Amino acid sequence: KGTTREQRALKYLKEHARQGDPDSVLETFDEFCRTQEWAMNAAEEKGDILDEIVRELQPTTCLELGTYCGYSAVRIARNLSPSARLITIEVNPDYAAVAREVVKLAGLQDKIEVINLDSADVIRELKTKYDVTKLDLVFLDHWKYLYIRDIKLIEEEKLLKKGSVVFADNVIIPGAPGYLEYIRGSKNYKSTFYSVHFEYMDDMKDGVEKSVYIGDE
Ligand SMILES: Cn1cnc(CNC(=O)c2cc(-c3ccc(F)cc3)cc(O)c2O)c1
Ligand SMILES: [Mg+2]
């Protein structure tokens with residue numbers, strides 16, 4: 001084939017989406033995934049809940065773990081206020097490269113910073129190197145076994161404040177059992193589970209978990 005699925009998706013977006021229009025990029029990506037090739041975007045019902053969270057919370061500083069092709073980064077950033085920003089971390093260099101192109105195509109490069117490093121290393125440097133004081137929204141969508149490691153690190157770095165929202169994808173498929181047990185058992189969060197369809201699959205169910213930080217600052 002020569003090309004990867006992610007490169008084929010980007011080509012399709014460049015050929016069919018309107019430059020500078022985030023809605024067009026998302027609609028076109030959804031069309032690609034529905035008609036050409038499936039991709040692990042936090043789309044449809046998952047994306048609708050994400051939209052709702054961003055619109056209600058109006059976060060200033062957002063962190064996403066697991067950029068992939070940038071679908072959810074665009075989905076989050078399109079609803080951010082002018083001075084708000086999203087830092088999104090992707091450990092895979094090929095995905096990060098595609099994501100940067102998708103962000104540019106959406107015209108959101110001033111709001112979104114794609115970092116191609118390991119999430120733990122970046123979390124440890126958010127305050128010192130990335131000029132972050134607190135995180136208003138965290139979206140967990142990277143390797144599922146890393147959710148628990150990284151949320152503990154985020155707490156250790158005192159990056160959350162009362163009202164901060166941690167939103168986790170895939171808590172059913174592939175699943176993040178350790179994370180769910182931890183976050184639901186913690187007195188510092190109030191968690192809500194949403195049963196949703198798996199992206200682009202009408203006959204498969206997944207779940208997302210929204211956790212509001214109520215612990216000490
Ligand atoms: C390769 N890679 C780089 N980042 C990641 C992290 N994301 C996932 O693993 C992930 C996986 C699936 C999924 C794929 C196939 C399947 F049969 C069932 C579930 C869905 C998602 O929404 C995901 O976020 C994986
Ligand atoms: Mg996911």
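Treat the numbers as computed from the prediction; the structure is a model and nothing was measured.
- Criterion: ILVMFWY side-chain heavy atoms under 4.5 Å apart, direct or through other members. Under it, Y130 and V91 are not part of a common hydrophobic cluster.
- Minimum interatomic distance between Y147 and D169 (heavy atoms only, all atoms of both residues): OH-O, 2.7 Å.
- Summarising the geometry of D150 relative to H142, their closest heavy-atom pair is OD2-NE2, 2.7 Å, with the distance given to 0.1 Å.
- Under the 30°/60° scheme for interplanar angles, the aromatic rings of F167 and F139 are found to lie parallel.
- Here the closest non-hydrogen pair linking E90 and N116 is O-ND2, 2.9 Å.
- Salt bridge status for D206 with K46: present, with a side-chain N to carboxylate O gap under 4.0 Å.
- Using a distance-only test at 3.5 Å, with no hydrogens or angles considered, a donor-acceptor pair links the side chain of D118 to the main chain of A120.
- V138 and W143 fall into different hydrophobic clusters, where Ile, Leu, Val, Met, Phe, Trp and Tyr residues are linked whenever their side-chain heavy atoms come under 4.5 Å apart, directly or through other members.
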Result block: side-chain N/O donor-acceptor pairs under 3.5 angstrom for residues 66-76, not counting sequence neighbours:
{"from": "T67", "atom 1": "OG1", "to": "T88", "atom 2": "OG1", "distance (Å)": "2.6"}
{"from": "T67", "atom 1": "OG1", "to": "I89", "atom 2": "O", "distance (Å)": "3.4"}
{"from": "Y68", "atom 1": "OH", "to": "E6", "atom 2": "OE2", "distance (Å)": "2.6"}
{"from": "Y71", "atom 1": "OH", "to": "D30", "atom 2": "OD1", "distance (Å)": "2.9"}
{"from": "Y71", "atom 1": "OH", "to": "D30", "atom 2": "OD2", "distance (Å)": "3.1"}
{"from": "Y71", "atom 1": "OH", "to": "R75", "atom 2": "NH1", "distance (Å)": "3.0"}
{"from": "S72", "atom 1": "OG", "to": "E64", "atom 2": "OE2", "distance (Å)": "2.4"}
{"from": "R75", "atom 1": "NE", "to": "G47", "atom 2": "O", "distance (Å)": "3.4"}
{"from": "R75", "atom 1": "NE", "to": "D51", "atom 2": "OD1", "distance (Å)": "3.1"}
{"from": "R75", "atom 1": "NE", "to": "D51", "atom 2": "OD2", "distance (Å)": "3.1"}
{"from": "R75", "atom 1": "NH2", "to": "D48", "atom 2": "OD1", "distance (Å)": "3.0"}
{"from": "R75", "atom 1": "NH2", "to": "D51", "atom 2": "OD2", "distance (Å)": "2.8"}

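- Contact detail for D216 and Y213: the closest heavy-atom pair is O-OH, 2.7 Å.
- Residue G207 comes nearest to I172 through the heavy atom pair N-CG1, 3.4 Å, listed as atom of the first residue, atom of the second, then distance.
- D141 has a carboxylate O that lies under 4.0 Å from a charged side-chain N of K144, or vice versa, which qualifies the two as a salt bridge.
- Salt bridge annotation for E155-K152: absent, with no cationic side-chain nitrogen under 4.0 angstrom from a carboxylate oxygen.
- Between W38 and F32, the ring center distance fails the sub-6.0 Å criterion.
- Checked by atom type, the side-chain pair D136/S164 shows no donor-acceptor distance below 3.5 Å.
- Within the 3.5 Å criterion, the main-chain N or O of R18 finds a donor-acceptor partner in the side chain of S24.
- Counting all heavy atoms, side chain and backbone alike, E199 lies closest to A43 at CB-N, 4.5 Å.
- At a threshold of 4.0 Å, the pair D94-R5 does not count as salt-bridged, since none of the basic side-chain nitrogens sits closer than that to a carboxylate oxygen.
- Counting heavy atoms from C-beta outward, L105 and Q19 have side chains that approach closer than 4.5 Å.
- Between E157 and R124, no side-chain nitrogen of the basic residue sits less than 4.0 Å from a carboxylate oxygen of the acidic one, so the salt-bridge criterion is not met.
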